Student: 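My structure is below; once you've seen it, I'll send some questions.
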Amino acid sequence: MRSVLAALLLPPTGFLLLLLAVLALIRSPALWRRVSLAAAFLLLWLGGSLGVVVPLAHAWAPAAVQPTLAMVPAQRREHTLVLVLGGGVRRGAGPAGEYEPNAETLERLHRGVWWARQFDLPLAFTGGRSPNPQPDQPTEAAVVRRVLAAHYGMLPAWAEDRSSNTAENARFSAEFLRQLGVRRVLLVTHALHMPRAMRHFQAAAPGVEFISAPLNQTLPATWRLLDFVPSPEGIRMGRYLAYEWLANATGH
């Protein structure tokens, strides 16, 4: 039910439903009708333009300082690991039609592997099934185990496979962290997701030091006119930002 509501509220569907609602008011006074249609169209336009969405995303999650060797010196690495948060899987994306990590998960996984190799740390992963999985859909953890072995020649120290949202990522991962005596975690996810992820993980494991290792979204040096025209990338980022606002408001 939650995923259905999210699909209806998030852009571009939410904006389209707003436009339909305005059109349903066709019997309302002409001036109000024109203003409402203009506002709905403006939201559609702005919500899919990088020139609008990127500054909003940067305000929500400013570019963070990346981890350095000074933050994780050699003598402190015994109880430290890199933890990658899953973002979903895609059906039929593999060479034999099997499930593969979606773009968000693959980006996070690639960065997590880089950090693990850079600091010589074990890599862990957290991700179960989506709230409404396909009957044959494996867990994100199972897919990532296969991809790590096949494409990176490594296996995760552990892979949590019961969670279906960020709050559960944190709660179920905290069990592993306590059992293994982990004291520091390099948390890897996208910058927009990081504020919510840090809040949940710090609450679930207050005795652990979490170091933010986000995939940052930086502001361009100059803006182009086309950046203020709706684009697939602008719509994708606008939807992601709206999702984070919604998820943060509902505590997921």
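Everything numeric here is computed off the predicted structure, so don't read it as measured data. Just so it is clear, the values below take in all heavy atoms, side chains as well, and ignore hydrogens, waters and symmetry mates.
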Student: Taking side chain to side chain contact (heavy atoms under 4.5 Å, CB included) as the test, write out the residues that go with Leu106, two or more places apart.
Tutor: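 Side chain to side chain contact (heavy atoms under 4.5 Å, CB included) check on Leu106 returns Pro101.
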Student: Determine, stepwise, if the pair Arg146 / Glu100 fulfils salt bridge (Lys or Arg N to Asp or Glu O under 4.0 Å).
Tutor: CA-CA 9 Å; Arg146 173 171 52 77; Glu100 289 280 283; 2.8 Å; yes
Student: Is Val84 linked to Val208 within one hydrophobic cluster, defined over Ile, Leu, Val, Met, Phe, Trp and Tyr using a side-chain heavy-atom separation of less than 4.5 Å?
Tutor: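 Not linked; separate clusters.
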Student: So if I apply the ring-ring contact (aromatic ring centres under 6.0 Å, His included) rule between Trp158 and each of Phe125, Phe172, Phe176, which one comes out positive?
Tutor: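 By the ring-ring contact (aromatic ring centres under 6.0 Å, His included) criterion, Trp158 pairs with just one of Phe125, Phe172, Phe176: Phe176.
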Student: Treat each ILVMFWY residue as a node, draw an edge where side-chain heavy atoms are under 4.5 Å apart, and state whether Leu121 and Leu85 are in one component.
Tutor: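 No; tracing contacts between hydrophobic side chains, which count when under 4.5 Å, never links both residues.
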Student: Could you give me the CA-CA distance, side-chain angles and deciding distance for Thr80 and Val182, then say whether side-chain contact (heavy atoms from CB on, under 4.5 Å) is met?
Tutor: CA-CA 6 Å; Thr80 305; Val182 175; over 6 Å; no
Student: Given salt bridge (Lys or Arg N to Asp or Glu O under 4.0 Å), test Glu175 with Arg162 step by step and report yes or no.
Tutor: CA-CA 12 Å; Glu175 298 175 10; Arg162 294 183 291 159; 2.8 Å; yes
Student: Any luck finding a side-chain donor-acceptor pair between Thr126 and Glu160 under 3.5 Å?
Tutor: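 Present: a donor and an acceptor within the cut-off.
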Student: Is a side-chain donor-acceptor pair under 3.5 Å present for Tyr240 with His193?
Tutor: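 Looking only at side-chain atoms, Tyr240 and His193 do not form any donor-acceptor pair under 3.5 Å.
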Student: Is there a path from Val188 to Phe201 through hydrophobic residues (I, L, V, M, F, W, Y) whose side chains come within less than 4.5 Å of each other?
Tutor: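 Different hydrophobic clusters.
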Student: Donor-acceptor pair, Thr139 side chain versus Ala142 backbone, under 3.5 Å?
Tutor: yes
Student: Using a strict cut-off of less than 4.0 Å between a Lys/Arg side-chain nitrogen and an Asp/Glu carboxylate oxygen, indicate whether Asp161 and Arg129 qualify as a salt bridge.
Tutor: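 Between Arg129 and Asp161 there is no salt bridge, as every charged N stays at least 4.0 Å from the carboxylate O atoms.
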Student: Who pairs with Gln137 by side chain to side chain contact (heavy atoms under 4.5 Å, CB included), at least two apart in sequence or on another chain?
Tutor: Val89, Tyr99, Ser130, Pro133, Gln134
Student: Restricting to non-hydrogen atoms, name the atom on Thr105 and the atom on Gly86 that form the minimum distance, rounded to 0.1 Å.
Tutor: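 Looking at all heavy atoms of both residues, the shortest contact is OG1-C, 3.8 Å.
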Student: Shared ILVMFWY cluster between Leu148 and Trp114, side chains joined below 4.5 angstrom?
Tutor: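 Per the 4.5 Å side-chain linkage, Leu148 and Trp114 are co-clustered.
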Student: At their closest point, which heavy atom of Ala124 faces which heavy atom of Pro156, and how far apart are they?
Tutor: CA-CB, 4.5 Å
Student: For Arg196, run the side-chain hydrogen bond (donor to acceptor under 3.5 Å, both in side chains) check against Thr166, Thr189, Asn165, Asn248 and tell me which one passes.
Tutor: Thr166
Student: With no hydrogens and no angle check, do the side chains of His190 and Arg108 hold a donor and an acceptor under 3.5 Å apart?
Tutor: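 Per modelled atom types, His190 and Arg108 side chains form a pair under 3.5 Å.
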Student: Tell me, do Tyr152 and His110 make a side-chain contact under 4.5 Å, heavy atoms counted?
Tutor: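 Contact flag for Tyr152/His110 side chains = yes.
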Student: Do the non-hydrogen side-chain atoms of Trp245 and Trp60 ever get within less than 4.5 Å of each other?
Tutor: yes
Student: Roughly how far, to the nearest 0.5 Å, is CG of Leu123 from CE of Met154?
Tutor: 5.0 Å
Student: Identify whether Val144 and Leu186 are in the same connected component of the hydrophobic contact network (ILVMFWY, side-chain heavy atoms under 4.5 Å).
Tutor: yes
Student: List the steps and the verdict of salt bridge (Lys or Arg N to Asp or Glu O under 4.0 Å) for Glu104 and Arg236.
Tutor: CA-CA 11 Å; Glu104 286 79 12; Arg236 186 192 71 81; 3.5 Å; yes
